[in-house]
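Below is one structure, written out as structure tokens; the observations come after it.
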Amino acid sequence: MNNMQTLIWNPSFALSVGVVGCLIRVVLKIGVGLLVGSVVLTGDGFHNVGDIGFILAAFLILLVGHWKRGVMHAGENMGILFQLIVTGILTALTLYTAYQSVIGLSGCTACERYVQNIFPFVPTVTPLVIEPHALKAIIATLLVSLAISWGLATYHVRAGLKSGYGMLITIGKETKTDMTVEAGVLVGLIGVYVFNMPSLEYIGGLVVAGLIALTARELFTEACKSLFQISISDEFVAGIRTIVQSTYGVDRITKLEAYPVLQVARVKVFVETKGGAEANNDI
């Protein structure tokens with residue numbers, strides 16, 4: 001029983017469960033969205049690709065944390081590079097979702113033909129007409145996704161508290177915000193069916209495109225701060241400096257670096273001491 005509990009709250013296991021859960025949400029939303037021709041449902045599925053990026057980046061940081069430093073001194077850069085790739089994908093998906101929504105609202109066929117002449121693979125936008133069986137599939141998809149989101153959010157927060165791995169708590173809180181988006185998409189698509197107003201879906205598509213863009217921006221900003229080792233706030237650095245200077249045996253700080261590595265912090269302190277080699281080990 002103890003071994004089972006240890007496995008359940010293990011960060012690697014929790015992150016693996018998160019990847020599987022997110023993949024199910026992505027496949028369901030994109031699959032059903034393409035099947036019924038829903039821009040907003042498909043876009044929300046693309047939005048969840050960013051969630052997978054968050055989790056995989058956390059996974060890479062966790063793995064690198066156990067890597068022998070003599071073998072790889074900057075292994076955390078794998079997570080940064082992966083996050084930049086995900087940012088590029090999400091940016092493309094933002095443009096695609098926004099394009100479909102704008103064309104759907106404006107009805108500009110000339111604009112659509114112009115875009116298709118440049119990008120022949122872009123499909124023609126058609127107003128969404130939700131049949132009763134399609135509505136059932138949409139409702140079932142979003143209810144399943146909401147249930148998965150709630151389960152993952154609750155599990156990741158608790159696993160983060162149990163294991164002390166803070167990134168799990170952050171991922172759990174992010175998943176909770178996804179539930180708000182999913183509920184909004186569900187209400188919007190039911191509104192399209194009840195009021196027979198396809199424009200509601202395109203308005204929702206613009207909202208989802210904005211959320212995808214926001215996620216991409218957060219990922220990009222976070223990755224750039226880590227890549228260029230942008231210093232954490234002066235207050236944080238001052239706190240570290242106080243702790244180090246109050247340590248018995250430390251003569252002076254010659255260099256102090258504190259910068260983010262995605263959602264965790266790295267602190268490097270170089271000091272001169274008053275003791276010998278054995279005392280330095282204790283310090």
Review point. Just one of Asp51, Leu15, Leu152 clears the side-chain contact (heavy atoms from CB on, under 4.5 Å) bar with Ile171, so which one?
Key: Leu15

Practice item. Would you check if Ile190 and Ile130 make a side-chain contact, meaning some heavy-atom pair closer than 4.5 Å? Key: no

Exercise for review: Mark yes or no for whether Glu201, through its side chain, and Val40, through its backbone, hold a donor-acceptor pair below 3.5 Å.
Suggested key: yes

**Study point:** Closest heavy-atom pair and its distance - Ser101, Val39
**Key:** OG-CG1, 3.9 Å

Exercise for review: Check whether Val27 and Val181 end up in the same hydrophobic cluster, where Ile, Leu, Val, Met, Phe, Trp and Tyr are linked by side-chain heavy atoms less than 4.5 Å apart.
Suggested key: no

**Study point:** CA sep, side-chain torsions, deciding dist, call: Leu105, Leu206, side chain to side chain contact (heavy atoms under 4.5 Å, CB included)
**Key:** CA-CA 10 Å; Leu105 285 172; Leu206 289 175; 3.7 Å; yes

**Study point:** Donor-acceptor contact present, side-chain Thr247 to main-chain Val250, <3.5 Å
**Key:** no

Exercise for review: Grab the two heavy atoms, one from Ile55 and one from Cys22, that are nearest each other, plus how far apart they are.
Suggested key: CD1-SG, 3.8 Å

Exercise for review: Write down the atom of Ala14, the atom of His156, and the distance for their closest heavy-atom approach.
Suggested key: O-NE2, 2.9 Å

Practice item. Can you measure from CG (Leu200) to CE (Met197) and round to the nearest 0.5 angstrom? Key: 4.5 Å

Practice item. State whether a side-chain donor-acceptor pair under 3.5 Å links Thr124 with Gln116. Key: yes

Check your understanding: Would you find a donor on one side and an acceptor on the other, under 3.5 Å apart, between the side chain of Ser226 and the backbone of Glu222?
Key -> yes

Check your understanding: Can you check whether Arg113's main-chain N or O pairs, donor with acceptor, with Asn117's side chain at less than 3.5 Å?
Key -> yes

Check your understanding: Do Val19 and Val26 share a hydrophobic cluster, counting only Ile, Leu, Val, Met, Phe, Trp and Tyr and linking them when any side-chain heavy atoms are less than 4.5 Å apart?
Key -> yes

**Study point:** side chain to side chain contact (heavy atoms under 4.5 Å, CB included) between Phe236 and Val267, intermediate numbers included
**Key:** CA-CA 10 Å; Phe236 183 87; Val267 178; 3.9 Å; yes

Point to revise | Result of checking Ile253, Ile232, Val269 against Ile240 for side-chain contact (heavy atoms from CB on, under 4.5 Å) | key: Val269

Exercise for review: Could you go through the side chain to side chain contact (heavy atoms under 4.5 Å, CB included) check for Leu41 and Leu34 one step at a time?
Suggested key: CA-CA 8 Å; Leu41 186 58; Leu34 292 175; over 6 Å; no

Review point. Would Glu182 and Ser145 count as having a side-chain donor-acceptor pair, cut-off 3.5 Å?
Key: yes

Exercise for review: Of all the heavy-atom pairs spanning Leu168 and Ser163, show the shortest one and how long it is.
Suggested key: CD1-OG, 4.0 Å

Check your understanding: Just wondering, do Met179 and Trp150 contact through their side chains at under 4.5 Å, heavy atoms?
Key -> yes

Check your understanding: Just wondering, are more than 12 heavy atoms of other shown residues or ligands nearer than 6.0 Å to CZ in Phe270?
Key -> yes

Check your understanding: Hey, mind stepping through Arg252 and Thr254 against side chain to side chain contact (heavy atoms under 4.5 Å, CB included) and telling me if it holds?
Key -> CA-CA 6 Å; Arg252 71 184 184 93; Thr254 59; 3.9 Å; yes

Revision key, fill the gap. So SG of Cys108 and OH of Tyr114: to nearest 0.5 Å the spacing works out to 12.0 Å

Practice item. Look at the side-chain heavy atoms of Ile, Leu, Val, Met, Phe, Trp and Tyr, link any pair under 4.5 Å apart, and say whether Phe195 and Val129 land in one connected group. Key: no

Review point. Roughly how far apart are Thr97 OG1 and Asp44 CG, rounded to 0.5 Å?
Key: 10.0 Å

Check your understanding: Going by atom types only, do Ser231 and Glu257 share a side-chain donor-acceptor pair under 3.5 Å?
Key -> no

Check your understanding: Is the backbone of Ile243 close enough, under 3.5 Å, to the side chain of Ser246 for a donor and an acceptor to pair up by distance?
Key -> yes

**Study point:** Criterion side chain to side chain donor-acceptor pair (under 3.5 Å) against Lys29, the qualifying member of Thr141, Thr42, Asn48
**Key:** Asn48

Check your understanding: Is the closest side-chain heavy-atom distance between Tyr99 and Glu112 below 4.5 Å?
Key -> yes

Practice item. Please name the pair of heavy atoms, one in Ser38 and one in Leu189, separated by the smallest distance, quoted to 0.1 Å. Key: OG-CD2, 3.7 Å

Review point. Would you say the side chain of Tyr96 lies within less than 4.5 Å of the side chain of Phe46, judging by non-hydrogen atoms?
Key: yes

Review point. If two hydrophobic side chains count as joined below 4.5 Å and joins carry through other members, does Leu143 share a cluster with Val185?
Key: yes

Exercise for review: For the pair Phe13 and Tyr155, name the ring-plane relationship: parallel under 30°, tilted 30 to 60°, perpendicular over 60°.
Suggested key: perpendicular

Practice item. Could you tell me which non-hydrogen atom of Arg158 sits nearest to which non-hydrogen atom of Trp9, and how far apart they are? Key: CD-CH2, 3.5 Å

Check your understanding: Under a 4.5 Å cut-off applied to non-hydrogen side-chain atoms, are Glu218 and Leu214 in contact?
Key -> yes

Check your understanding: Got a second to check how far Leu135's CG is from Ile139's CD1, nearest 0.5 Å?
Key -> 4.0 Å

**Study point:** Shared hydrophobic cluster, Val115 / Val102 (ILVMFWY, side-chain heavy atoms < 4.5 Å)
**Key:** yes

